**Q** 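My structure is below; once you've seen it, I'll send some questions.
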Protein chains: 2
Amino acid sequence: MNSCAVTVDVVVFTILERKLHLLLIRRLGKPFQGRFALPGGFVLENESVDDAAVRELREETGVHDVYLEQLYTFGEPKRDPRGRVITVAYYALIPPTQDLRSTTDASDAAWFAADDLPSLAFDHARIVDTARTRLRNKLAYTNVGFELLPEKFTLTELQSIHEAILGTPLDKRNFRRQIQQRAALEPLQAWRNTGRKPAQLFRFKV
Amino acid sequence: MNSCAVTVDVVVFTILERKLHLLLIRRLGKPFQGRFALPGGFVLENESVDDAAVRELREETGVHDVYLEQLYTFGEPKRDPRGRVITVAYYALIPPTQDLRSTTDASDAAWFAADDLPSLAFDHARIVDTARTRLRNKLAYTNVGFELLPEKFTLTELQSIHEAILGTPLDKRNFRRQIQQRAALEPLQAWRNTGRKPAQLFRFKV
DNA sequence: TCAAAAGTGTTGAAGATACACCCATGG
DNA sequence: CCATGGGTGTATCTTCAACACTTTTGA
């Protein structure tokens, strides 16, 4: 029976300073030693591929309990110089609150602005491109943007997430009308005051 | 280095008698001996996963040079009773002209109406569901329907493909207006006469 | 009182939907 | 001449896009 190594790699998105960021780790071992790469690792014998993605994410970065979706499987024979490795790529969306953690097999887990990435190991640049495209498309017909926000948020924060992902400015009034039509937002009797006029907080209704 | 068997499976769609059909093969060996399954097989050492899908499709069914797109990767540990097998699923769209072929490791390749499938081996029923959903969604924003037609076709044929995939009847005038807006159809000076009033043939403009 | 972000409606254009009759052909 | 599928236009509704001013607060 023919056999290959199978890995998972996860593109972890968040929003920092109103810009789309993603999580990279610096490789300690060869190949691509010292280069940045997506968190990921080998699928174990008795776990599903989905479970492997959850586990690797937690082990390498400390991120857990987040939105995680399978992206695409990359299976070019030469994509890993060590030999035949097929990777199942995922992407995750996390609110800007979770703490990162470094472990022995992956140090320097850090956020990078999606528009200003360093050179990546393996074919990870291509995986990131695929993930960004998927995220952009998904935003148009789902409420996936909420996964990038804390439980309570202002409409301006929500809008700036959409703008960060789409890369274009949106009209404030049109955005508010549309998002409230499709997303069932619950206005809270709470306001965030960040210096200027306080902004009302909302919650995503279940 | 950890290691799993990796297969590809392909959901091959076509339209027969104005209904969505897909291609199944009867399994000769164990497990699920005698049951129907999707065409597929193991990924070889020196081919990409995409190439494996193309090769298996050709080997098992004779189908070649068709629209083929990666669908999803299924990696539950127990999905194959023989052991750990991860499968990368694809779907293909073929015009109703290609001849089928049977080989030694897969006999009885045959078309089944998508709404009237036999019980399938492994988790292939789930893969088929995933493929049908993807195809339905994709129809809304791409011209993927053309892949199911021969080079020259009538607008009624094109409409009936959309109806077969979506499962709902469409308005003839609205359909024609919309499809000609987004698809760049070239009307040909040729008509198909199937008994009644001849219908004009069209071609998908490159 | 000024700077900064919050909040709020209307209008026009484009796209989607609903709907019915005449035409050309083969039998 | 009749049965069958081919072919065509309009009116309405819904959705999307463009656009500017007032309000509240902290400094």
Side-chain angles (χ1 to χ4, degrees), chain A residues 15-19 96 136-143 145 149-150 152-204, chain B residues 15-19 96 136-143 145 149-150 152-204:
Chain A
I15 303 284
L16 294 174
E17 296 154 0
R18 308 216 154 171
K19 293 209 183 80
R136 222 179 300 123
N137 292 335
K138 194 117 183 169
L139 203 63
Y141 62 94
T142 68
N143 294 322
L149 283 170
K152 301 174 183 182
F153 51 85
T154 68
L155 294 182
T156 301
E157 288 165 357
L158 181 55
Q159 179 178 345
S160 82
I161 278 182
H162 282 244
E163 290 174 333
I165 293 172
L166 297 175
T168 61
L170 299 171
D171 180 87
K172 185 161 46 161
R173 285 167 290 189
N174 291 340
F175 177 79
R176 287 173 181 226
R177 198 178 326 111
Q178 288 162 19
I179 204 75
Q180 293 192 71
Q181 271 175 15
R182 69 168 148 106
L185 297 182
E186 182 179 15
L188 303 173
Q189 293 310 307
W191 280 260
R192 169 164 302 160
N193 45 345
T194 54
R196 306 303 167 188
K197 178 174 179 178
Q200 187 165 22
L201 292 169
F202 287 78
R203 183 162 59 185
F204 186 42
Chain B
I15 304 283
L16 295 173
E17 294 154 2
R18 307 215 155 171
K19 292 209 183 80
R136 222 179 299 121
N137 292 335
K138 194 115 184 167
L139 203 62
Y141 62 94
T142 67
N143 293 322
L149 285 169
K152 300 175 184 182
F153 51 85
T154 69
L155 294 181
T156 301
E157 289 164 356
L158 180 56
Q159 180 177 344
S160 81
I161 278 182
H162 282 244
E163 289 174 334
I165 293 172
L166 298 175
T168 61
L170 299 172
D171 180 88
K172 185 161 43 160
R173 283 168 293 188
N174 292 339
F175 176 79
R176 286 171 182 229
R177 198 178 325 113
Q178 288 163 18
I179 203 74
Q180 294 192 70
Q181 270 175 16
R182 69 166 146 106
L185 298 181
E186 182 179 16
L188 303 173
Q189 293 311 307
W191 281 261
R192 170 165 302 162
N193 44 347
T194 56
R196 305 305 167 187
K197 179 175 178 178
Q200 188 166 22
L201 292 170
F202 287 77
R203 184 163 56 185
F204 186 40

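These figures come from a predicted structure and were not determined experimentally. Protein chains get the first letters and strands the later ones, always in sequence-line order, with residue 1 at the start of each.
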**Q** Does a side-chain heavy-atom distance below 4.5 Å link A:Arg176 with A:Thr156?
**A** yes
**Q** Take the protein atom CZ of B:Arg176 and the nucleotide atom P of C:dT17, then report the distance between them rounded to whole Å.
**A**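 From B:Arg176 CZ to C:dT17 P: 18 Å.
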**Q** Starting from C1' on D:dG6, measure out to CZ on B:Phe202 and report it in whole angstrom.
**A**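 In whole Å, D:dG6 C1' and B:Phe202 CZ are 11 Å from each other.
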**Q** Measure CD1/B:Ile179 against P/D:dG7 and give the value in whole Å, please.
**A** 15 Å
**Q** B:Glu163 side chain to B:Leu170 main-chain N or O, any donor-acceptor pair under 3.5 Å?
**A**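 Yes: the side chain of B:Glu163 pairs with the backbone of B:Leu170.
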**Q** Grab the CZ-P distance between B:Phe153 and D:dG5 for me, whole Å please.
**A**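 In whole Å, D:dG5 P lies 21 Å from B:Phe153 CZ.
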**Q** Considering only heavy atoms from C-beta outward, does the side chain of A:Arg192 approach that of A:Gln200 to under 4.5 Å?
**A** no
**Q** Taking the side chain as every heavy atom from C-beta outward, state whether B:Leu185 and B:Leu155 have any atom pair closer than 4.5 Å.
**A**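 Yes. Closest side-chain heavy atoms under 4.5 Å.
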**Q** Quick one: A:Gln180 CD to D:dC16 C1', roughly how many Å, whole number?
**A** 17 Å
**Q** A:Ala164 and A:Ile15: which non-hydrogen atoms are nearest, and at how many Å?
**A** CB-CD1, 4.0 Å
**Q** Hey, is the side chain of A:Thr156 poking within less than 4.0 Å of OP1 or OP2 on C:dA5, counting only N and O atoms?
**A**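 Negative; the distance criterion is not met.
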**Q** Indicate for each nucleotide in nucleotides 17-27 of chain D, in 5' to 3' sequence, whether protein heavy atoms under 4.0 Å reach the base (B), only the sugar-phosphate (S), or nothing (-).
**A** BBBB--BBSB-
**Q** Roughly how many Å is it from CD in B:Gln159 to C1' in D:dG7, rounded to a whole number?
**A**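 Result: 12 Å.
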**Q** When we call it a touch if two heavy atoms are under 4.0 Å apart, what does B:Gln200 touch: a base, just sugar-phosphate, or nothing?
**A**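 The residue B:Gln200 makes sugar-phosphate contact but no base contact.
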**Q** Taking atom NZ of B:Lys138 as the centre, does the number of heavy atoms from other residues, nucleotides or ligands within less than 6.0 Å exceed 12?
**A** yes
**Q** Taking atom P of D:dG7 as reference, at what distance in whole Å does atom CD of B:Glu157 sit?
**A**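 Spelled out: CD on B:Glu157 to P on D:dG7 is 10 Å.
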**Q** Could you tell me the separation between the CH2 atom of B:Trp191 and the C1' atom of D:dG5, rounded to a whole number of Å?
**A** 17 Å
